[in-house]
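First up is the structure itself, then whatever we jot down about it.
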Protein chains: 2
Amino acid sequence: MTDADRFDLNEFLPYRLNAAASRISRAFSERYREEFGISIPEWRVLVHLHHAGDVSVRDIEARVDMEKSKVSRAASRLETAGYITKGVNDTDRRLLVLRLTDKGEALVARLLPVAMEYQDEMRARLGPLAEGLEAGLSALLSDNA
Amino acid sequence: MTDADRFDLNEFLPYRLNAAASRISRAFSERYREEFGISIPEWRVLVHLHHAGDVSVRDIEARVDMEKSKVSRAASRLETAGYITKGVNDTDRRLLVLRLTDKGEALVARLLPVAMEYQDEMRARLGPLAEGLEAGLSALLSDNA
DNA sequence: TTGACTTTGTTGCATGTGCAATAAATGTTT
DNA sequence: AAACATTTATTGCACATGCAACAAAGTCAA
């Protein structure tokens, strides 16, 4: 009998990572959909706009781990909902200038405390293990791979 | 200026967890699709059948973090491909008995070494941080939440 | 046994996704 | 300038997904 014969999916690191992320994302997503009516892609765009100011679709794609088509569709939904505007960059007219509206800023002001609270709950649940988890995630997210 | 004004998505734990899992899963998925022609849901079913012997859709749903419809569809594709058979449980005819065929067993025998190698690569990349990451994942995956 | 309820697996439907193709703008080369 | 190549954002398409509805089988109470 080899190691492979004892292989247990629930001890397999890639599976465990994915299962944990799915659970967290699902709970987070439900909360945001119920309370604010937005999806995770939309949430990411809103938060990045708040953090970085006016940006293009390409900028978001690079910074927020989303395909450009996903960014584009999220931005369109946010524009329809009145949370952002789409302008044109005068020096390079291929580029969009995504900008939060006042309504969008107000939404982000309500979103962020909920996000911080959620993160705090996660860290509380993890206790002293939080530090190790975050260090591991940093290693996986670093670019040299 | 409050904490929220400095909010950076790339320091937000749920986002980081999800981004890391997405990267790993994508790489894993590409490798399995190219080399064996199967998806991650199919991979999970195969591996669980290998580990647990004959099981029903419900068993897989409970053990492998997949919706029953996802399990059902993965099982149908695997049956079409000749990797598993679907039988009926004689004592409860609502239940399926999913079973690996010889062809399926042969596939799993090829799959598992690749999976172990992939996990080893992850751990090598993480170095001494692997232990902390796994402990954190265990906390997030424990049921009491 | 009958009737109501539960469990199991499949499927229809609406939605989200990634990828490729595309159009428009810009950059580059001659 | 003209021709060609690259970049940016959108969209068509095929496919995967989650959820609800459903049928079939089983359970249970009267």
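In what follows, chains are A, B, ... by sequence order, proteins preceding strands, each numbered from 1. All values reported here derive from a predicted model rather than from experimental measurement.
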Quick one: side chains of residues 105-119 of chain B, donor-acceptor pairs under 3.5 Å with protein atoms, not counting sequence neighbours, listed by atom name and distance.
from      : atom 1 : to       : atom 2 : distance (Å)
Glu105(B) : OE1    : His50(B) : ND1    : 3.3
Tyr118(B) : OH     : Ile24(B) : O      : 3.1
Gln119(B) : OE1    : Leu13(A) : N      : 2.8

N/O donor to acceptor pairs below 3.5 angstrom from side-chain atoms of residues 61-73 of chain B, sequence neighbours left out:
none

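If you check residues 52-62 of chain A against DNA chain D, the residues with a heavy atom closer than 4.0 Å are Ser56(A), Val57(A), Arg58(A), listed by number.
Protein atom CG of Leu78(A) is 13 Å distant from nucleotide atom P of dG16(C), rounded to whole Å.
Among residue pairs with one or both ends in residues 45-57 of chain A, those qualifying as salt bridge (charged side-chain N to carboxylate O under 4.0 Å, His left out) are Asp54(A)-Arg99(A); sequence neighbours excluded. Pairs engaging residues 36-49 of chain B under the side chain to side chain donor-acceptor pair (under 3.5 Å) rule: Tyr32(B)-Trp43(B), Ser39(B)-Glu42(B), Glu42(B)-Arg77(B) [sequence neighbours left out]. Within the structure, ring pair (Phe, Tyr, Trp, His ring centres under 6.0 Å) contacts touching residues 75-110 of chain B (residues at least two apart or in different chains) do not occur. Legend: salt bridge (charged side-chain N to carboxylate O under 4.0 Å, His left out) pairs involving residues 7-18 of chain B, not counting sequence neighbours, sorted by first then second residue: Glu134(A)-Arg16(B).
Using a 4.5 Å heavy-atom threshold, the side chains of Arg125(B) and Leu140(A) count as touching.
For Thr80(A), there are no side chain to side chain donor-acceptor pair (under 3.5 Å) partners, not counting sequence neighbours. Take Asp92(B) and apply the salt bridge (charged side-chain N to carboxylate O under 4.0 Å, His left out) test, not counting sequence neighbours, and it matches Arg94(B). Scanning for side chain to side chain donor-acceptor pair (under 3.5 Å) contacts around Asn89(B) gives Thr91(B), with sequence neighbours left out.
The outermost nucleotides of DNA chain D lying under 4.0 Å from heavy atoms of chain B, listed 5' to 3', are dT17(D) to dG26(D).
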Next on the checklist: Generate the contact string for nucleotides 17-29 of chain C. Rules: B means base contact, S means sugar-phosphate contact only, - means no protein heavy atom under 4.0 Å.
Outcome noted: SBB-----BS---

